[in-house]
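We count ligands from 1, going down the list as the structure has it; atoms in each ligand are counted the same way.
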Amino acid sequence: MKTLNHLRQELLAKRLDLHQDSSLRDELEIKISQFLNETDANCVGIYWPIKSEFDLRPLALDWSAKNPKKKLALPIVELNKPLIFGEWNQDTTLVKGPQNINEPLLDSFSSKIEPDLLIIPCLGWSLQDDQFWRIGYGGGYYDRTIAEFKKDKRPVKTVGVGYKALEVKEGAWRPQSHDQALDLMIVA
Ligand SMILES: Nc1nc2c(c(=O)[nH]1)N(C=O)[C@@H](CNc1ccc(C(=O)N[C@@H](CCC(=O)O)C(=O)O)cc1)CN2
Ligand SMILES: Nc1ncnc2c1ncn2[C@@H]1O[C@H](COP(=O)(O)OP(=O)(O)OP(=O)(O)O)[C@@H](O)[C@H]1O
């Protein structure tokens, strides 16, 4: 088995290539839009894309415009803690968090909110034991976050976004005890 760091670097290099393919981006756009149009979630946690992650902000804003009572949220990083989420609307002030990722400044225009759906960017993913697993950058943030939601019995649906070509087979990676399975993967 390759080291996890090596696997991550390989996945990142492949994703840089896949991200150039507009037909794959179009497919993700259609599939995620369809998913959002059918969801009954009221608060959707998305992400501010970095490093060749699929940019779902435009389609999320479209969904938001069509569903004015529903909310969008972006993650806020507190180092080595579960993520918290701040509302993202036209009045939200964005500030740079760790890794230079834009995140909401919690103030009178944006408050902390609790998503009931999380859309999560994946570097790689794996289907093992009938469950979807995510490989991310190695901070463990989404694992901690999902674990906390579960501990508090807060219902949240988790959906990974990735590429078919970045599926990692069982021989190359196994989920560890801290890894949290996702409910669904949307792939192109
Ligand atoms: N677009 C996007 N936003 C996201 C994530 C993501 O995967 N994609 N995250 C998904 O989790 C969270 C941020 N992930 C982070 C991962 C690492 C570090 C970080 O500070 N890393 C250290 C090095 C850690 C180490 O090497 O052990 C650093 O850069 O100094 C910060 C945030 C929340 N926001
Ligand atoms: N529930 C948790 N509590 C404390 N630490 C955790 C928890 N979940 C994960 N971690 C820590 O996070 C580290 C990285 O986890 P992992 O390699 O699965 O990250 P990742 O899911 O790829 O990263 P990210 O979500 O940031 O993109 C683990 O080594 C573990 O120590």
Side-chain angles (χ1 to χ4, degrees), residues 1-16 18-19 25 28 32 43-61 72-88 92 94-106 110 112-115 117-129 131-154 156 158-163 166-168 170 172-187:
M1 228 184 261
K2 291 170 195 135
T3 66
L4 191 48
N5 264 343
H6 183 183
L7 177 64
R8 285 198 171 96
Q9 279 168 20
E10 215 174 73
L11 290 166
L12 195 55
K14 287 189 190 155
R15 194 178 62 184
L16 268 172
L18 292 161
H19 187 63
R25 294 201 307 271
L28 283 176
I32 301 169
C43 178
V44 181
I46 60 165
Y47 54 88
W48 194 273
I50 55 168
K51 297 186 194 175
S52 71
E53 289 169 345
F54 176 70
D55 185 359
L56 48 52
R57 291 170 300 175
L59 72 86
L61 289 173
L72 286 176
L74 286 170
I76 299 173
V77 175
E78 296 181 273
L79 283 182
N80 300 321
K81 300 216 328 205
L83 297 167
I84 60 172
F85 290 84
E87 181 174 357
W88 183 37
T92 304
L94 295 169
V95 292
K96 298 257 184 238
Q99 310 279 78
N100 242 9
I101 306 175
N102 268 353
E103 55 183 45
L105 176 71
L106 295 179
S110 172
K112 183 180 165 184
I113 47 176
E114 311 236 319
L117 169 66
L118 288 180
I119 303 187
I120 306 176
C122 296
L123 200 43
W125 60 282
S126 192
L127 178 56
Q128 294 185 34
D129 310 320
Q131 294 197 285
F132 295 113
W133 302 96
R134 164 180 181 272
I135 299 172
Y137 302 120
Y141 285 97
Y142 280 106
D143 291 325
R144 277 190 215 97
T145 307
I146 297 166
E148 188 179 63
F149 270 77
K150 277 193 191 157
K151 176 169 75 66
D152 297 346
K153 300 201 162 38
R154 281 185 270 159
V156 67
T158 53
V159 180
V161 174
Y163 290 102
L166 300 186
E167 177 179 5
V168 177
E170 195 167 324
W173 179 85
R174 292 282 290 158
Q176 296 183 283
S177 58
H178 63 258
D179 283 315
Q180 299 288 329
L182 303 178
D183 294 315
L184 188 75
M185 277 298 304
I186 297 181
V187 292

Undergrad: Taking all atoms of both residues into account, what is the closest heavy-atom pair of Phe132 and Met185, and its distance?
TA: CD2-CG, 3.6 Å
Undergrad: Please confirm whether Arg8 approaches ligand 2 to less than 4.0 Å, judged on its heavy atoms.
TA: yes
Undergrad: List ligand 2 atoms under 4.0 Å from Tyr137, heavy atoms only on the residue side.
TA: 22 (O), 23 (O), 24 (P), 27 (O)
Undergrad: For atom 21 (O) of ligand 2, what is the nearest protein heavy atom, given as residue, atom name and distance?
TA: Asp143 OD2, 3.2 Å
Undergrad: Provide, line by line, the atom pairs where ligand 1 and the protein bring an N/O atom each to a distance under 3.5 Å; else say none.
TA:
unit_1, atom_1, unit_2, atom_2, d
ligand 1, 1 (N), Trp48, O, 2.7
ligand 1, 1 (N), Glu53, OE1, 2.6
ligand 1, 8 (N), Glu53, OE1, 3.4
ligand 1, 8 (N), Glu53, OE2, 2.8
ligand 1, 29 (O), Gln99, OE1, 2.6

Undergrad: How about atom 31 (O) of ligand 2: does it have a protein heavy atom within less than 4.0 Å?
TA: no
Undergrad: Which residue and non-hydrogen atom of the protein lie closest to atom 4 (C) of ligand 2, and at what distance in Å?
TA: Arg144 NE, 3.8 Å
Undergrad: Which distance, rounded to the nearest 0.5 Å, do you find between the CG of Leu12 and the OH of Tyr137?
TA: 6.5 Å
Undergrad: Determine the sole option in Thr145, Leu106, Ile113 for which the side-chain contact (heavy atoms from CB on, under 4.5 Å) test with Ile84 is passed.
TA: Leu106
Undergrad: Could you check Trp88 against Trp48 for side-chain contact (heavy atoms from CB on, under 4.5 Å), going step by step and ending with a plain yes or no?
TA: CA-CA 11 Å; Trp88 183 37; Trp48 194 273; 3.9 Å; yes
Undergrad: Find all atoms of ligand 2 within a distance of less than 4.0 Å from any non-hydrogen atom belonging to Arg134, and give their numbers and elements.
TA: 21 (O), 24 (P), 25 (O), 27 (O)
Undergrad: Could you walk me through whether Ile101 and Tyr47 satisfy the side-chain contact (heavy atoms from CB on, under 4.5 Å) test, starting with their C-alpha distance in whole Å, then the side-chain angles of each, then the deciding distance to 0.1 Å, before giving a yes or no?
TA: CA-CA 9 Å; Ile101 306 175; Tyr47 54 88; over 6 Å; no
Undergrad: Find the distance between CG (Leu182) and CG (Leu127) and round it off to the nearest 0.5 Å.
TA: 11.0 Å
Undergrad: Are any of the N/O atoms in Ile135 less than 3.5 Å from those in ligand 2?
TA: no
Undergrad: Under a 4.0 Å threshold between the charged nitrogen and the carboxylate oxygen, would Glu148 count as salt-bridged to Arg144?
TA: no
Undergrad: Give the residue and atom name of whichever protein heavy atom lies nearest to atom 19 (O) of ligand 2, and the separation in Å to one decimal.
TA: Gly140 N, 3.2 Å
Undergrad: Side chain, backbone, both or neither: which part of Asp179 comes within less than 4.0 Å of ligand 2 when only heavy atoms are counted?
TA: side chain
Undergrad: For atom 15 (O) of ligand 2, grab the closest protein heavy atom and report residue, atom and distance to one decimal in Å.
TA: His178 NE2, 3.3 Å
Undergrad: Do Lys81 and Tyr141 form a cation-pi contact, if we require the NZ or CZ to be under 6.0 Å from the six-membered ring centre and within 45 degrees of the ring's axis?
TA: no
Undergrad: Are any of the N/O atoms in Gly139 less than 3.5 Å from those in ligand 2?
TA: yes
Undergrad: Any nitrogen or oxygen of Gly138 lying under 3.5 Å from a nitrogen or oxygen in ligand 2? Just yes or no.
TA: yes
Undergrad: Starting from atom 22 (O) of ligand 2, find the nearest protein heavy-atom neighbour and note its residue, name and distance.
TA: Gly136 N, 2.8 Å
Undergrad: So, do Tyr142 and Pro121 sit near enough that their side-chain heavy atoms are less than 4.5 Å apart?
TA: yes
Undergrad: Do Val168 and Leu7 come close enough that some side-chain heavy atom pair is under 4.5 Å?
TA: yes
Undergrad: One pair to check against side-chain contact (heavy atoms from CB on, under 4.5 Å): Leu72 and Ile46. What are the steps and the verdict?
TA: CA-CA 7 Å; Leu72 286 176; Ile46 60 165; 4.3 Å; yes
Undergrad: Considering only heavy atoms from C-beta outward, does the side chain of Asn102 approach that of Val95 to under 4.5 Å?
TA: no
